[in-house]
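Residue numbers run from 1 in the order of the sequence given. One-based numbering, in listed order, for ligands and for the atoms of each.
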Amino acid sequence: MQRLEKLFTSIRIGSTEIHNRIAMAPMGTLWGESDGSVSQRIIDYHTARAAGGVGLIIYEATTIDQMHPYMPNGTGLWDDGLIPSFRKLTDAVHAHGATFIPQLIHPGPESLTFMFGNQPVGPSALMSHSTRQMCREITVEEIAVVVEQFGQAARRAREAGCDGVEFHAAHCYLLAGSFLSPLRNRRTDAYGGSLDARLRFPLEVIRRMKACAGADFPIVMRISGDEVMPGGRGIEETCAMVPALAEAGVDAFEISGGVVPTLSWRMIPPTGTPFAINRQQSAAVKQVVDVPVLVVGRITDPLVAENILRKGDADMVVMGRALLADPDLPRKAQDGRLDDIAPCIGCSIGCFGRITQLQPLTCTVNPTVGREREMALAPAARRKKVLVAGGGPGGMEAARVAALRGHDVTLYEKESGLGGQYTLAAIPPHKQELGRAIKYLATQVEKAGGTIVLKTEVTPDLVERTTPDVLIIATGATLVAPKIAGLDAAHVSTAHDVLAGKAPEPTGRIVVIGGGMVGLETAEFLARSADNPYAEQPRVTVIEMQDAVGVGLSGEARVLLLRRLAESGVQILTGMQVTALSAAGLHVVPTAPGATSAGSGAAHDGDGARVLSVDAVVLATGVQPADALARELAGKISEVYVIGDAKTPRLALEAIAEGAEAGRQI
Ligand SMILES: Cc1cc2nc3c(=O)[nH]c(=O)nc-3n(C[C@H](O)[C@H](O)[C@H](O)COP(=O)(O)O)c2cc1C
């Protein structure tokens with residue numbers, strides 16, 4: 001396709017030729033075997049991405065030292081006995097023409113060494129924000145051991161058939177990234193202080209890897225272009241250091257950004273942050289080195305990727321979450337089928353959010369991640385007539401999958417458009433990307449042959465008339481108003497109605513009751529509308545019974561949302577309960593003595609019982625299943641699936657996953 005011609009040209013990194021310019025970012029999965037070897041699940045997951053057309057796979061963080069594990073069920077190359085399992089993975093990926101390099105790491109300060117009862121090591125003694133452990137300063141003798149471990153791991157990678165390795169030294173993180181950053185390297189010996197001294201350890205690693213694996217064995221080095229942190233390494237210093245690294249043997253640089261301790265949103269940027277966030281930095285690095293430069297960070301759209309290459313801001317683009325959302329993105333892009341790409345919406349709930357809770361990795365828009373074998377689509381044994389009630393994400397996914405399998409599917413939606421509550425979720429500031437997932441699903445239901453009927457509520461009568469074999473109930477949830485005196489007043493509305501524009505625009509002093517995801521995002525929506533010169537300046541307060549607000553958001557999205565709310569002057573009161581709404585105002589009391597704000601990251605202004613003056617109240621107090629249809633039709637249809645919020649109110653992630661399951665079970 002003419003528009004994407006640069007993306008699909010080949011490129012060389014050192015001695016290795018890569019068939020296009022799309023790379024998959026390293027992403028920890030927690031799916032390794034307990035001995036550090038690669039599992040069949042990991043092989044299936046990567047095979048799907050290689051078959052989907054990605055040029056280069058940079059395989060997840062792979063540890064070089066058994067005594068310094070990075071994650072439970074992480075994989076490693078610390079022993080020759082691990083070579084055969086990596087050989088299987090490499091062969092599987094090569095069979096589809098992709099190039100494969102593992103990312104070698106020593107976790108350093110982030111080591112989970114408590115599993116072995118010893119202390120993590122770092123360039124200097126410091127606490128890891130992610131593991132909450134103190135590390136000790138690594139000795140010069142120990143540095144020599146680690147350098148040798150990197151060398152041997154690179155040799156093993158070569159013996160396993162890998163096409164090179166990536167050396168992880170980004171994000172002021174793990175051992176090498178910490179050595180490179182002035183924030184974590186406070187040493188006064190030959191390995192710390194000046195830039196040259198901070199470079200000493202990475203340079204020794206690079207030279208040793210080349211010596212052990214061969215001078216022609218490619219090394220890609222992942223670094224932060226800019227740490228974007230006071231006292232951290234800026235882009236000027238990065239540009240000053242890369243020539244020496246290239247001289248020592250680095251065959252390509254992969255440019256990420258940010259540091260782990262407080263800026264992880266720059267590393268894994270959530271919905272609403274800029275696309276291609278490290279593009280300027282990769283362009284700067286390209287000015288000072290002759291080797292290829294790769295760029296990572298919220299590149300989700302092939303057209304943006306093409307533009308980066310055409311402008312010369314990087315030589316390859318690296319995609320992480322976009323390839324979780326759709327393993328076939330490269331092939332679809334090459335065929336010009338952009339509408340068929342399942343879009344990453346940057347929510348990070350299923351991927352990074354799950355990993356940080358040590359739960360299996362998944363993806364909101366693609367529940368087949370890591371389940372490629374068990375969830376492969378098989379044609380239906382018998383074509384059935386399937387009625388889907390509800391056009392939210394879960395209903396659409398169920399309809400899409402059932403239609404793809406050959407069933408006769410009709411989806412009914414009572415509103416005039418598809419999306420359900422997800423349409424409302426896409427309205428608050430920074431959330432518009434969710435609309436891409438709705439558009440994708442709606443397009444795919446029709447492309448798969450499903451029929452969509454809008455403005456039609458499914459009733460028992462409609463079911464009786466249309467005689468389906470299978471009924472999928474995906475009718476979502478409705479807001480629950482708490483039973484509190486006065487909340488039936490005219491100036492009280494629901495968050496759903498406010499976002500949908502069905503309630504009059506609240507003005508004046510507004511209190512949002514409920515500090516979950518919906519409450520906070522609605523508060524931001526209301527605070528932002530203060531920019532509107534025609535609206536009266538609202539003063540927005542959020543009241544939450546619990547200690548924490550924004551539960552359900554991914555860590556990075558929550559940090560940014562709380563910051564934006566604070567900047568917009570939104571007041572958050574946690575540990576407070578509403579007891580009544582009267583002419584005097586909203587009556588609130590603490591839920592428990594001293595329960596306000598602790599650990600919530602939210603601002604509060606005291607904790608006694610009080611009456612808040614209000615002009616408008618918005619309810620974001622939770623939802624209940626809209627499952628009347630299921631009750632009314634109980635026993636009348638033999639095959640019924642109740643999915644998503646209609647079953648139990650949760651996130652779109654669960655709704656889509658249950659739709660995917662139901663569509664496969666029919
Ligand atoms: C689930 C998950 C696991 C990750 N694991 C790693 C890792 O092992 N090593 C690493 O350097 N970066 C890791 N990252 C960061 C990604 O490589 C990438 O830099 C980041 O997701 C931004 O790219 P994207 O916007 O295309 O997803 C991980 C990200 C995610 C979402």
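- Using bins of under 30°, 30° to 60° and over 60° for the plane-to-plane angle, the ring pair His168/His171 lands in the perpendicular bin.
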Only distances under 3.5 Å count here; give the side-chain donor-acceptor pairs of residues 237-244 to other protein atoms, sequence neighbours excluded, each with its distance to 0.1 Å.
{"residue": "Glu237", "atom": "OE2", "partner": "Arg198", "partner atom": "NH2", "Å": "2.6"}
{"residue": "Thr238", "atom": "OG1", "partner": "Gly225", "partner atom": "O", "Å": "2.7"}
{"residue": "Thr238", "atom": "OG1", "partner": "Arg233", "partner atom": "NE", "Å": "2.9"}
{"residue": "Thr238", "atom": "OG1", "partner": "Gly234", "partner atom": "O", "Å": "3.2"}

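- Listed as neighbours of ligand 1 are Ala25, Pro26, Met27, Gly28, Ala61, Gln103, His168, Arg222, Met267, Ile268, Val296, Gly297, Arg298, Met319, Gly320, Arg321, Cys351, Phe352, Ile355, Leu361, each bearing a heavy atom under 4.0 Å from the ligand.
- Look at Arg155 and Asp80 and you find a salt bridge, because one of the NZ, NE, NH1 or NH2 atoms lies within 4.0 Å of a carboxylate O, short of that distance.
- With salt bridges taken as basic N to acidic carboxylate O contacts below 4.0 Å, one links Arg373 and Asp44.
- The number of heavy-atom neighbours closer than 6.0 Å to CD of Glu159, taken from other residues, nucleotides and ligands shown, is above 12.
- Under 4.0 Å is where a charged nitrogen must lie from a carboxylate oxygen, and between Glu524 and Lys431 no such pair does.
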